[in-house]
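A short write-up of the structure that comes next.
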Amino acid sequence: MFKTRVRSAVFWIGLLGALVAIDGVWPANAEPGADVFDLTIEELMNAEVYSASKRTEQVRQTATAIYVISQEDIQNSAATSIPELLRMVPGVEVARFNSGAWSVSIRGSSGRFANKLLVLVDGRGVYSPTFSGTYWSEVDTLLEDIERIEVIRGPGGTLWGANAVNGVINIITKHAATTIGSYAEAVVGTQDDSIVAARYGQALGSSGAGRVYLKYSNSGHAKRVDGGDAFDRLEVQRGGIVSDFQISKDTTLRLEGGLYVGEEHSDFAYPSAAPPFLEAVEDSIEMAGGHVNSILNWDIGPEQRVSVQSAYQRSRRDELVSDQRVDQVDTDLRYQFQPFTVHQVTLGAGYRFISDEFDGGQGLQISPSHRSLSVTNVYFHDRVTIVPDRLALILGAKIEHNTYTHEEVQPSVRSIWSLNQNHHLWAAFSRAVRTPSRVDRDLSADFLSLPASDGESTVIARVLGNSGIEAENLNAYELGYRGVVGGALDVDIATFYFDYSDLVTIEPEATFVSTEEELPVIISPFRFDNRGKGESIGAEIAVGFDLTHRWRIYGTYSYVNLDFDREAGSNDPFFGRIEGLTPEHQWTIRSYLGLLDDVEGAAFLRYVDRLPSANVDAYEELDLRLAWQVNSKWSVSLNGQNLLHDRHQEFEEGFLSPVGTELPRSVYAAITYRN
């Protein structure tokens with residue numbers, strides 16, 4: 001606790017000094033915040049994206065369900081975190097457990113440890129190899145520095161590899177040349193939330209630019225369902241540096257790195273051999289990490305580019321159940337060329353090395369405590385023009401070799417038919433896999449305890465890893481349409497059918513009496529296996545409409561129906577819960593309104609269907625934002641979140657949560673300086 005307070009004090013003093021010195025240090029050559037009305041609906045359709053093909057292309061050219069959260073969307077949102085921004089996207093399920101824990105998934109597979117979604121920052125994977133999911137409390141940056149967030153709903157394994165099963169989220173930050181000048185923000189809220197951040201950017205000689213940033217965030221406002229305060233405070237300090245260089249006319253280089261340190265509090269419960277058979281504790285999780293990343297692009301000739309991306313990252317989490325340390329190295333090499341007029345080809349290869357170490361804690365062990373894992377891959381992607389400006393076929397495949405399941409092949413076939421410049425149909429078939437994580441292979445964890453029928457003993461349910469577990473598989477079929485009607489109405493429709501096989505189940509094994517406990521304990525083991533299957537069918541609709549030159553409305557609707565079942569021979573008693581952890585229906589309405597030349601308002605209304613397996617009711621919520629651009633440098637805003645209810649629940653953990661949490665209504669003010 002003393003070290004945390006010292007770190008916080010140093011961070012606050014550094015930020016205070018930066019804020020005091022910021023005015024007049026840099027030239028006033030940076031533009032104020034971007035206006036959401038700068039681009040028309042039709043121009044938004046022509047916005048460029050990267051994640052669908054690992055090359056720059058317009059949204060209307062992509063044969064995939066992709067949605068872009070722009071910097072304008074971010075600035076006109078009351079969101080203060082990346083998961084909150086993702087609520088805008090159809091087909092994305094976002095639920096908040098408490099201040100630091102989120103469930104973020106696409107088209108199903110919801111949960112704190114959702115493991116079928118790949119999350120990237122500038123192409124660098126930030127999911128945890130421990131459980132193939134994402135610690136969202138560790139994924140953050142200045143929202144001001146995000147250029148856009150590209151969200152692919154549907155498999156992306158052909159380009160991005162294993163674990164890009166149901167979707168890919170790529171958070172793309174701004175080029176350093178666009179952040180020259182100074183920026184600072186301060187946020188304070190009614191629920192004891194606060195954010196203080198500062199960023200400095202300047203030119204580096206005649207061919208480069210760089211920026212450095214610091215951010216402190218503190219939140220903790222959930223309530224227990226029994227009315228008490230949740231033990232859920234999250235406090236994180238982070239900083240980083242980004243530099244972009246134009247080495248020559250044909251070569252660019254990005255170098256960037258970052259560090260974070262923080263403390264995440266959480267209510268936790270673990271099985272006990274004695275009544276009441278569940279021990280509730282308040283766990284303080286110490287976390288820290290950092291990364292370095294480089295991206296080199298070299299245009300070696302007409303329509304030819306070589307790209308090399310290399311990253312190293314380290315993370316540490318010390319918590320009650322386990323202390324973990326993970327080191328990861330990633331390298332990706334791509335060669336893009338156009339051998340014939342009708343072909344745009346990408347050839348690539350990649351390598352990932354992971355080294356981890358675990359110290360087991362209360363009721364949990366991972367054995368062996370240390371492993372080194374590697375993944376190698378090769379891939380190709382070819383966009384074939386069948387009819388110029390009308391019909392294209394996109395073929396691709398990735399072959400990966402990993403330590404656990406060896407070779408995995410992930411192919412895809414996509415096509416796009418442009419009826420004209422404004423109306424486009426696309427269809428796709430693809431295969432994706434989720435390869436086993438350390439938890440799947442090597443876990444031993446107690447998750448439930450009950451009194452035995454003899455009245456003297458206790459039965460403890462223990463889940464065990466399986467060294468022979470295989471990858472989970474998905475065959476996906478998708479069909480979509482996107483178009484612009486009348487120059488003012490943007491329509492995007494995606495439908496899908498997913499066929500899953502070899503899903504992970506937990507199968508009961510023979511009970512035995514433990515000799516490790518002081519009291520009589522009967523262990524009821526459950527072991528991971530691949531005996532699950534399932535189907536899902538759904539549709540997503542996104543529309544944008546300019547009512548007037550100063551009033552824009554966005555609407556989304558998503559539907560997903562899950563039908564999961566055990567294969568013959570499976571006795572998993574919990575597998576059926578999967579269906580009830582994903583909302584069947586969701587819809588949102590966003591409204592941006594320019595009230596005056598320097599005053600703008602925004603509203604975000606959303607509906608999320610009930611979660612029967614989590615005992616969570618359906619809810620509607622409303623966020624509001626009113627912003628005033630005081631002058632070219634200063635702006636202020638008043639923001640409200642979850643305004644329709646005093647508090648509401650979004651998810652229920654299940655076995656290891658003593659009492660569920662609810663999120664209260666909150667209001668916060670923000671002041672921003674740009675120069």
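Counting begins at 1 with the first residue of the sequence.
- The two residues G534 and F564 come nearest to each other via the heavy atoms CA-CD2, 3.7 Å.
- Two residues are said to be in side-chain contact when any heavy atoms from C-beta on lie closer than 4.5 Å; E478 and T495 fail this criterion.
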Trace of the side-chain contact (heavy atoms from CB on, under 4.5 Å) decision for H645 with E621: CA-CA 7 Å; H645 303 90; E621 274 302 353; 3.0 Å; yes
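- Separation of atoms CZ (R531) and CG (D565) is listed at 14.0 Å; rounding is to 0.5 Å.
- How far CG of L562 is from CD of E584: 8.5 Å, rounded to the nearest 0.5 Å.
- Between S444 and R462, the shortest heavy-atom distance links the atoms OG-CD, 3.6 Å.
- In summary, D330 and R352 engage in a salt bridge, as defined by a charged side-chain N under 4.0 Å from a carboxylate O.
- Atom CD1 of I354 is separated from atom OG of S374 by 9.0 Å, given to the nearest 0.5 angstrom.
- No donor-acceptor contact under 3.5 angstrom links the side chains of Y351 and D332, judged on distance only.
- In terms of heavy-atom proximity, K116 sits nearest to S109 at CD-OG, 3.4 Å.
- No side-chain heavy atom of S467 sits less than 4.5 Å from a side-chain heavy atom of Y404.
- Closest approach of L611 and P583 over heavy atoms only: CD2-N, 3.4 Å.
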List, one per line, each side-chain donor-acceptor pair under 3.5 Å for residues 157-170, sequence neighbours excluded.
| from | atom 1 | to | atom 2 | distance (Å) |
| --- | --- | --- | --- | --- |
| T158 | OG1 | Q410 | O | 3.2 |
| T158 | OG1 | S412 | OG | 3.2 |
| W160 | NE1 | S51 | O | 3.0 |
| N163 | ND2 | Y127 | OH | 3.3 |
| N166 | OD1 | Y500 | OH | 2.9 |
| N166 | ND2 | I106 | O | 3.1 |
| N166 | ND2 | Y500 | OH | 3.2 |
| N170 | OD1 | G123 | N | 3.2 |
| N170 | ND2 | S51 | OG | 3.1 |

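- For R112 and F97, the positive end sits near the middle of the six-membered ring, less than 6.0 Å away and at most 45° from its axis.
- A centroid separation of 6.0 Å or more is found between the aromatic rings of F113 and Y135.
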Verdict with reasoning, D572 to R566, per salt bridge (charged side-chain N to carboxylate O under 4.0 Å, His left out): CA-CA 8 Å; D572 183 343; R566 299 171 300 181; over 6 Å; no
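- Residues passing the side-chain hydrogen bond (donor to acceptor under 3.5 Å, both in side chains) test with T130 are S128, Q324, sequence neighbours excluded.
- V94 places none of its side-chain heavy atoms less than 4.5 Å from the side chain of S103.
- Checking S110 against S105 by side-chain atom types alone, a donor-acceptor pair falls below 3.5 Å.
- A cation-pi contact, defined as under 6.0 Å to the ring centre and within 45° of the axis, links R107 to F496.
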Worked check of side-chain contact (heavy atoms from CB on, under 4.5 Å) between F512 and I522: CA-CA 6 Å; F512 62 91; I522 300 172; over 6 Å; no
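- Salt-bridge check for R96 with D232: failed, with every basic side-chain N at 4.0 Å or more from each acidic carboxylate O.
- In this structure, D356 does not pair ionically with R325, as no charged nitrogen and carboxylate oxygen lie closer than 4.0 Å.
- The local environment of CZ in R610 is sparse, with at most 12 non-hydrogen atoms from other residues, nucleotides or ligands closer than 6.0 Å.
- Once rounded to the nearest 0.5 Å, the distance linking OH of Y477 with CZ of F498 reads 11.5 Å.
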Derivation of the side-chain contact (heavy atoms from CB on, under 4.5 Å) call for R371 and R438: CA-CA 9 Å; R371 272 194 189 274; R438 272 281 260 151; 3.5 Å; yes
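- Under the rule for a side-chain hydrogen bond (donor to acceptor under 3.5 Å, both in side chains), the partners of D122 that lie at least two apart in sequence or sit in another chain are T173, R254.
- Note: H585 NE2 to Y559 OH = 6.0 Å, rounded to the nearest 0.5 Å.
- We find that E540 and R153 are joined by a salt bridge, their nearest charged nitrogen and carboxylate oxygen being less than 4.0 Å apart.
- Defined by atom type and a distance below 3.5 Å, a donor-acceptor pair is present between the side-chain atoms of E535 and Y497.
- Between R527 and E509 there is a salt bridge, since at least one side-chain N of the basic residue sits less than 4.0 Å from a carboxylate O of the acidic one.
- Looking at S570 and E507, their side chains do bring a donor and an acceptor atom within 3.5 Å of each other.
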Full working for side-chain contact (heavy atoms from CB on, under 4.5 Å) between R317 and S137: CA-CA 12 Å; R317 290 178 67 90; S137 58; 4.1 Å; yes
